[in-house]
Amino acid sequence: MSYTALYRKFRPATFEDVKGQEHIVTTLRNQIKAERTSHAYLFCGTRGTGKTTIAKIFAKAVNCENQRDGSPCGECALCRAISAGASMNVIEIDAASNNGVDSVREIVDEVAYSPAEGKYKVYIIDEVHMLSIGAFNALLKTLEEPPSYVIFILATTEVHKIPITIMSRCQRYDFRRITIDTISGRIKELTEKEQVSIEEKAVRYIAKTADGSMRDALSLLDQCIAFHFGQELTYDKVLDVLGAVDTEVFSRLLRVVLSGDVTGAISLLEEIVMQGRELVQFVSDFTWYLRNLLLVKTADGMEDVIDISTENLLRLKEEAQMAENDVIMRYIRVLSELSGQIRYASQKRILVELTLIKLCRPAMETDAQSLLDRVRQLEEKMEKGIPVLAASDRGAFEPGAGTAGGESGLGANTRGEGAVIPANLPKAVPEDVKAAVGKWPAIVGEAAMPMKAYLKTAFPSLSGDGNLLVVVSDGLPFDYFRDSQHREELERIIAGFTGKEMKVEVQCARPGQNSEDIYPDLTKLVSQVINMEVEELDEEMEDLY
């Protein structure tokens, strides 16, 4: 006797056997018990959720000679005939291959004949959205006013393609994705019957991979049992069969990406490829891992929603403190774009490598999320100490070096004679100042004349007490900002762009000296760090290839 796939062997035969669609089962059973069945039903929902199965159970129930609480007995002649596919009362039609007008006209002609046995003729039209417009029109009148002994059940995975004229003539039932807990329970039940030993962790992974489809879950289980026939199904064995990657690998990869280590990321990908893992599944699972990370970071009590082990949850909570929300969302966006490209790509590995480099090097992108990621990396480097050139080489200075050249603020300018002494600065740039530096071109553009003209030759820097310092040219620009009203106007403009009020100090260098010898131009400092990152990336790529 030939082998029967698990999803066919254990297909529910009664309403009691159906899992995860209680809202639909209860309604249909009540209709059957009260003899208030409709003439047309529309079953819609994702694949493998029980649409066709429930349609067949319903067809048996309305014709069953010995109904039990609205469910078929499964033992009478009609039930056995319908289960075996030998009944003339239940007609299944695949609309994907019979989608023309002629096929529907045959149905219309057959409707005129009453059932040879039983009460109802039930037409189950699967993938009904595949019917042509002409076929829908041919079905319309019969669907609206069929004979009393005819019931239509239309099943579809793409309900948006059904004409509204058809939908309005049917009772619509939306099938839900089946939960991981429900699928896990069904897998345990079936493995016990099949006498297959399986780890709890393996059960949960198969259930999650099925993505709400019971049929997909049983097909994956069947595949794993066949590959490791006669052995216990462990988590690692299931990963091998499905070409998936252990969650621990995603944790390692995330930490490598957050540190900007391109070499480490590419090496880890090499390890995954050599293990024979499927890259499409790898990208999908890593995106899901980041989704879980974002949920843990943004809300409390998400343990039940993300459905992971206590050990992995603790690791996620630790990593949630390492990454900002906008950084995680950028990673998810980039990987989602990759998912749409990689499925049909001939060079999948190269696409994944480029994406990992893009994640490690936000300087390669110019969107808002990437800029925020670049600021994060810049801040980390500044806290550790940014490697900069000597002042004599680039006309700037290393933050924190030297002694103060006078009080911070207006009036403490360095117009006196003597050697150039760099100003004392904090080791890290405050967030408010960082936001203003990022918006500096827009701030200058927003100012009115003559302020705009004076700001075009100025640059943002940092005072000794951590305030925003605007370094202007000596003479008229400096005298202009001596007026408190003008400084307050500049503060209002900056607040409009940053969303925060901050104190602005104005300074200039003495005649004949370059202002950058004393104060750093933060806009150039940011540019220098980004250029250094690009040079490092080039060197790393040369080492890799």
Side-chain angles (χ1 to χ4, degrees), residues 11-46 48-83 85 87-93 95 107 110-111 113-129 139-157 159 162-178 182 214:
R11 170 171 275 176
T14 63
F15 284 128
E16 290 83 359
D17 296 334
V18 176
K19 307 294 183 183
Q21 306 297 347
E22 288 76 13
H23 63 298
I24 294 174
V25 167
T26 302
T27 305
L28 294 179
R29 291 179 70 173
N30 289 339
Q31 286 187 356
I32 294 169
K33 287 189 291 184
E35 296 185 353
R36 293 173 58 88
T37 55
S38 177
H39 65 280
Y41 295 87
L42 177 61
F43 291 174
C44 44
T46 189
T49 50
K51 298 184 296 297
T52 306
T53 297
I54 289 181
K56 289 182 178 180
I57 296 173
F58 182 83
K60 284 193 290 185
V62 295
N63 284 298
C64 181
E65 299 171 352
N66 305 302
Q67 286 181 15
R68 298 172 181 173
D69 194 27
S71 191
C73 68
E75 299 172 357
C76 66
L78 284 173
C79 284
R80 289 199 303 269
I82 293 173
S83 297
S87 174
M88 300 294 292
N89 285 11
V90 179
I91 300 95
E92 285 190 69
I93 301 163
I107 298 174
E110 291 175 2
V111 163
Y113 300 99
S114 60
E117 54 183 355
K119 297 179 182 179
Y120 294 96
K121 290 179 72 173
V122 182
Y123 287 87
I124 302 173
I125 306 179
D126 203 9
E127 299 300 332
V128 69
H129 63 273
L139 181 64
L140 196 58
K141 186 64 176 177
T142 303
L143 192 65
E144 182 178 24
E145 298 177 357
S148 60
Y149 50 80
V150 172
I151 296 176
F152 284 97
I153 301 178
L154 314 181
T156 179
T157 54
V159 69
I162 307 297
I164 190 65
T165 51
I166 296 291
M167 292 178 61
S168 64
R169 289 164 169 80
C170 302
Q171 282 191 10
R172 173 173 170 172
Y173 291 85
D174 290 292
F175 284 65
R176 300 169 181 164
R177 288 178 181 269
I178 305 173
T182 302
M214 184 68 78

Is the closest side-chain heavy-atom distance between [X] and [Y] below 4.5 Å?
X	Y	value
Cys170	Leu154	yes
Glu75	Asn66	no
Ile93	Ile124	no
Phe15	Asp69	no
Phe175	Thr46	no
Thr27	Ile24	no
Val122	Ile91	no
Lys121	Met88	no

Under a 4.0 Å N-O cut-off, is there an ion pair linking [X] with [Y]?
X	Y	value
Glu127	Lys51	no
Glu92	Lys56	yes
Glu16	Arg68	no
Asp174	Arg172	yes

Gap between atom [atom2] of [Y] and atom [atom1] of [X] - 0.5 Å precision:
X	Y	atom1	atom2	answer
Met214	Gln21	CE	CD	9.0 Å
Phe43	Thr52	CZ	OG1	9.5 Å
Ile57	Arg29	CD1	CZ	10.0 Å
Gln171	Leu42	CD	CG	10.5 Å
Leu139	Arg169	CG	CZ	10.0 Å
Ile107	Ile125	CD1	CD1	4.5 Å

Can you tell me if [X] uses its side chain to pair, donor with acceptor, with the backbone of [Y] under 3.5 Å?
X	Y	result
His39	Glu145	no
Asn89	Pro115	no
Thr26	Glu22	yes

Check your understanding: Yes or no on ring-ring contact (aromatic ring centres under 6.0 Å, His included) for Tyr120 and Tyr149, after CA distance, side-chain angles and deciding distance?
Key -> CA-CA 5 Å; Tyr120 294 96; Tyr149 50 80; 8.7 Å; no

Can you name the closest pair of heavy atoms from [X] and [Y] and give their distance?
X	Y	result
Ile32	Gly70	CD1-O, 3.7 Å
Val128	Ala95	CA-CB, 3.8 Å
Pro72	Cys79	CB-SG, 3.9 Å
Cys73	Cys76	SG-N, 3.4 Å
Pro147	Val111	CD-CG1, 3.1 Å
Arg177	Thr49	CA-CG2, 4.2 Å

Review point. Between the side chains of Asp17 and Thr14, does any donor sit under 3.5 Å from an acceptor?
Key: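 Yes, side-chain donor-acceptor contact under 3.5 Å.
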
Practice item. Would you check, one step at a time, whether the test side chain to side chain contact (heavy atoms under 4.5 Å, CB included) holds for Lys119 with Val62? Key: CA-CA 7 Å; Lys119 297 179 182 179; Val62 295; over 6 Å; no

Practice item. Apply side chain to side chain contact (heavy atoms under 4.5 Å, CB included) to Thr157 and His129, showing your working. Key: CA-CA 8 Å; Thr157 54; His129 63 273; 3.7 Å; yes

Review point. Tyr41: what forms a ring-ring contact (aromatic ring centres under 6.0 Å, His included) with it, not counting sequence neighbours?
Key: Phe58, Tyr173

Exercise for review: Please check if atom CE in Met167 has more than 12 non-hydrogen atoms from other residues, nucleotides or ligands closer than 6.0 Å.
Suggested key: yes

Point to revise | Result of checking Ser71, Ser87, Ser83 against Lys60 for side chain to side chain donor-acceptor pair (under 3.5 Å) | key: Ser83

